[in-house]
S.K.: 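Dropping the structure in here first, questions after.
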There are 2 protein chains.
Amino acid sequence: MHATPEEAARELLETVPIVTREIRFEMRSQRLAGLTVPQFRALAFIDRNSGSSLLEVANHMGLTPPSTSRLVDGLIARGMITREDHPADRRRLKLTVTHCGQEILETSRRSTLACLAKRLSSINASDRETIVKAMKVLQPMFTSDAQPRKLMK
Amino acid sequence: MHATPEEAARELLETVPIVTREIRFEMRSQRLAGLTVPQFRALAFIDRNSGSSLLEVANHMGLTPPSTSRLVDGLIARGMITREDHPADRRRLKLTVTHCGQEILETSRRSTLACLAKRLSSINASDRETIVKAMKVLQPMFTSDAQPRKLMK
DNA sequence: TATTGTTATACTCTATAACTATA
DNA sequence: TATAGTTATAGAGTATAACAATA
């Protein structure tokens, strides 16, 4: 069995957006928690990297600084993170997940995982293994610690 | 080798959003063509199902009718599809991809596939085969011909 | 009355351009 | 001057609620 790059590309392009929709919908549909995918990703990153600056978040997410600033505004407005000045360099921010933010993150993660796991329980373990393997191949291929990727018009 | 549903879910949740970002960025960065992922999907659907109604598009995409109406507005504004009344039932629309729309669709598809294929050419054929298999397992799992999925607040 | 679609409204995501504040 | 971040502005994605037109 072999697959050409073109064949694999076609399959990715057809399937990935569909799975994304499901993840997005499940995240948003949790009353109270209700995070969007970017909010979830930013919150998870700041949780793992407490005290991050705005640009660190932006680089991780592959977003521009203004987009990230907005995203962060939303998380602060909802009480999930705090924004302080960095003591050593007052230009930088020190972003921290609040207790409330951690709870929302955990709730959101658990219920999104549960939703996916439920779907995944309907197939056999070797197909699941195939999925796991595929994700492990894909992950590093698309994680170039995301350039801000300017669209330059 | 076996994988639990939870394990597979974690991998999906970690990797799928990253791949999505890449697809989205590549589509948008094509000057002129520059379709978003939903625009691309809608255009591709209408191309395959010429004369579709708005609700048929909405169901396929898993969107509400108003969201779909907006999406369609954008495609019409850019001359990629036409909107006519259905002769037999004047409530329904008859959506059709224009010649220009077909060209844009093809251009967009080709260059997005090329971008993905380029990345995928850096790994070996058996890893690509794993990806293809995984996508083929995932696709039907997440294609329930998408309910409009109301968020009901 | 049920079905098809649109308009009004509101958020979020995302970008570029122009700005402020600190180093 | 270079770096970190924000504000202004804009277009797309998406939803709910309320509506109009047709069957």
Side-chain angles (χ1 to χ4, degrees), chain A residues 17 20-21 23-29 31 34-43 51-59 61-78 80 83-95 146-153, chain B residues 17 20-21 23-29 31 34-43 51-59 61-78 80 83-95 146-153:
Chain A
T20 297
R21 270 206 60 79
I23 292 174
R24 182 164 56 215
F25 178 75
E26 180 53 27
M27 278 195 182
R28 285 218 215 162
S29 61
R31 300 295 99 237
L35 297 170
T36 64
V37 174
Q39 285 168 346
F40 175 86
R41 292 221 297 142
L43 197 55
S52 289
S53 73
L54 188 100
L55 289 188
E56 284 164 351
V57 179
N59 285 337
M61 306 270 303
L63 296 179
T64 57
S67 299
T68 310
S69 190
R70 286 305 181 83
L71 188 53
V72 159
D73 281 346
L75 293 174
I76 290 168
R78 293 177 59 191
M80 297 190 221
R83 167 170 41 197
E84 299 169 90
D85 286 343
H86 193 288
D89 180 346
R90 287 173 43 219
R91 291 172 306 182
R92 307 184 75 226
L93 297 183
K94 238 186 81 174
L95 300 170
Q147 309 303 37
R149 10 197 54 186
K150 302 215 167 93
L151 264 188
M152 82 225 81
K153 185 168 293 170
Chain B
T20 297
R21 269 205 62 77
I23 293 175
R24 181 164 56 216
F25 179 75
E26 178 54 28
M27 277 194 183
R28 284 218 216 162
S29 62
R31 301 294 96 235
L35 296 172
T36 64
V37 175
Q39 284 169 349
F40 175 86
R41 292 222 295 141
L43 197 55
S52 288
S53 73
L54 188 96
L55 288 188
E56 284 164 352
V57 179
N59 285 337
M61 306 270 302
L63 297 177
T64 58
S67 299
T68 311
S69 190
R70 286 300 185 81
L71 188 54
V72 160
D73 281 347
L75 293 173
I76 291 168
R78 292 176 60 192
M80 297 189 221
R83 169 170 41 195
E84 299 169 89
D85 287 343
H86 193 287
D89 179 347
R90 285 173 45 218
R91 289 172 309 183
R92 307 184 75 223
L93 297 182
K94 239 187 80 172
L95 300 170
Q147 310 303 36
R149 8 198 57 188
K150 302 210 166 98
L151 264 190
M152 83 226 76
K153 186 167 291 167

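Naming: A, B, ... by sequence-line order, numbering from 1 per chain. None of these values were measured; they are calculated from a predicted model.
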S.K.: Closest nucleotide of DNA chain D for A:Arg83 versus for A:Arg70: which of these residues is on the 5' side?
M.R.: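 The residue closer to the strand's 5' end, by nearest nucleotide, is A:Arg83.
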
S.K.: Among C:dG5, C:dT14, C:dA17, which nucleotide sits nearest the side chain of B:Arg92?
M.R.: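 When the side chain of B:Arg92 is considered, C:dG5 is the closest of C:dG5, C:dT14, C:dA17.
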
S.K.: Using whole Å, report how far CG of A:Leu35 lies from P of D:dA15.
M.R.: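 To the nearest whole Å, that distance equals 17 Å.
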
S.K.: Provide the closest heavy-atom pair for A:Gly62 versus B:Arg21 in the form atom of the first, atom of the second, distance.
M.R.: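 Minimum heavy-atom contact is O-NH2, 2.8 Å.
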
S.K.: CG of A:Asp85 versus P of C:dT22: gap in Å, rounded?
M.R.: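 Rounded to the whole Å, the gap is 8 Å.
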
S.K.: Can you measure A:Arg28 atom CZ to D:dT16 atom P for me and round it to whole angstrom units?
M.R.: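 After rounding, the reported distance stands at 10 Å.
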
S.K.: On the nucleotide D:dG13, are OP1 or OP2 found under 4.0 Å from the side-chain N or O atoms that B:Thr36 carries?
M.R.: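 Yes.
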
S.K.: Is A:Ser53 near enough to D:dG5 that one of its side-chain N or O atoms lies under 4.0 angstrom from OP1 or OP2?
M.R.: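 For D:dG5, OP1/OP2 do have a side-chain N/O of A:Ser53 under 4.0 Å.
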
S.K.: Please report the distance, rounded to the nearest Å, between CG in B:Asp73 and P in D:dG13.
M.R.: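 About 11 Å, once rounded to whole Å.
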
S.K.: How close or far is atom P of C:dA15 from atom CE of A:Met61, stated in whole angstroms?
M.R.: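 That distance rounds to 10 Å.
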
S.K.: Name the residue closer to the 5' end of DNA chain C, choosing between A:Arg78 and A:Pro87 according to the nucleotide with the nearest heavy atom.
M.R.: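 The residue closer to the strand's 5' end, by nearest nucleotide, is A:Arg78.
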
S.K.: Send over the distance from A:Leu63 CG to D:dG5 P, rounded to a whole Å.
M.R.: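 Atom CG in A:Leu63 sits about 14 Å away from atom P in D:dG5.
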
S.K.: Choosing from D:dT6, C:dT7, D:dT14, which nucleotide comes nearest the side chain of B:Pro38?
M.R.: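 Nearest listed nucleotide: D:dT14.
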
S.K.: Can you identify which nucleotide, out of C:dT6, D:dT16, D:dA8, has its nearest atom closest to the B:Pro65 side chain?
M.R.: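 Nearest listed nucleotide: C:dT6.
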
S.K.: Starting at CG of A:Leu71 and ending at P of D:dG5, how long is that distance when rounded to a whole Å?
M.R.: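 A:Leu71 atom CG is separated from D:dG5 atom P by 14 Å.
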
S.K.: Rounded to the nearest Å, what distance is computed from the CZ atom of residue B:Phe40 to the P atom of nucleotide D:dG13?
M.R.: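 About 14 Å, once rounded to whole Å.
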
S.K.: Nearest to the A:Gln39 side chain among C:dA8, C:dT12, D:dA4, which nucleotide is it?
M.R.: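 Per side-chain heavy atoms of A:Gln39, the pick is C:dT12.
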
S.K.: Base, sugar-phosphate, or nothing: which does B:Asp89 touch, judged by heavy atoms less than 4.0 Å apart?
M.R.: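 Result for B:Asp89 = sugar-phosphate.
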
S.K.: Taking all non-hydrogen atoms of both residues into account, name the closest pair between B:Ala42 and B:Leu75 and its distance.
M.R.: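 Answer, listing the atom of B:Ala42 first, then B:Leu75: CB-CD1, 4.1 Å.
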
S.K.: For A:Arg24 and D:dT14, is the shortest distance between a side-chain N/O and OP1 or OP2 below 4.0 Å?
M.R.: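 Checking D:dT14 against A:Arg24, a side-chain N or O does come within under 4.0 Å of OP1 or OP2.
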
S.K.: For the side chain to side chain contact (heavy atoms under 4.5 Å, CB included) test, which of A:Met80, A:Arg24, A:Arg28 pairs with A:Leu35?
M.R.: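 Considering A:Met80, A:Arg24, A:Arg28, a side chain to side chain contact (heavy atoms under 4.5 Å, CB included) with A:Leu35 is found only for A:Met80.
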
S.K.: Might you work through the side chain to side chain contact (heavy atoms under 4.5 Å, CB included) test for B:Arg83 and B:Asp73, ending with a clear yes or no?
M.R.: CA-CA 9 Å; B:Arg83 169 170 41 195; B:Asp73 281 347; 3.3 Å; yes

S.K.: Any side-chain N or O of A:Ser67 under 4.0 Å from OP1/OP2 of C:dA15?
M.R.: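 True: A:Ser67 side-chain N/O within range (under 4.0 Å) of C:dA15 OP1/OP2.
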
S.K.: When you get a sec, tell me which of D:dA23, D:dG5, C:dA15 is the closest nucleotide to the side chain of B:Arg91?
M.R.: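 Closest nucleotide to the B:Arg91 side chain: D:dA23.
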
S.K.: Verify side chain to side chain contact (heavy atoms under 4.5 Å, CB included) between B:Val57 and B:Met61, making sure each step is shown before the conclusion.
M.R.: CA-CA 6 Å; B:Val57 179; B:Met61 306 270 302; 4.0 Å; yes

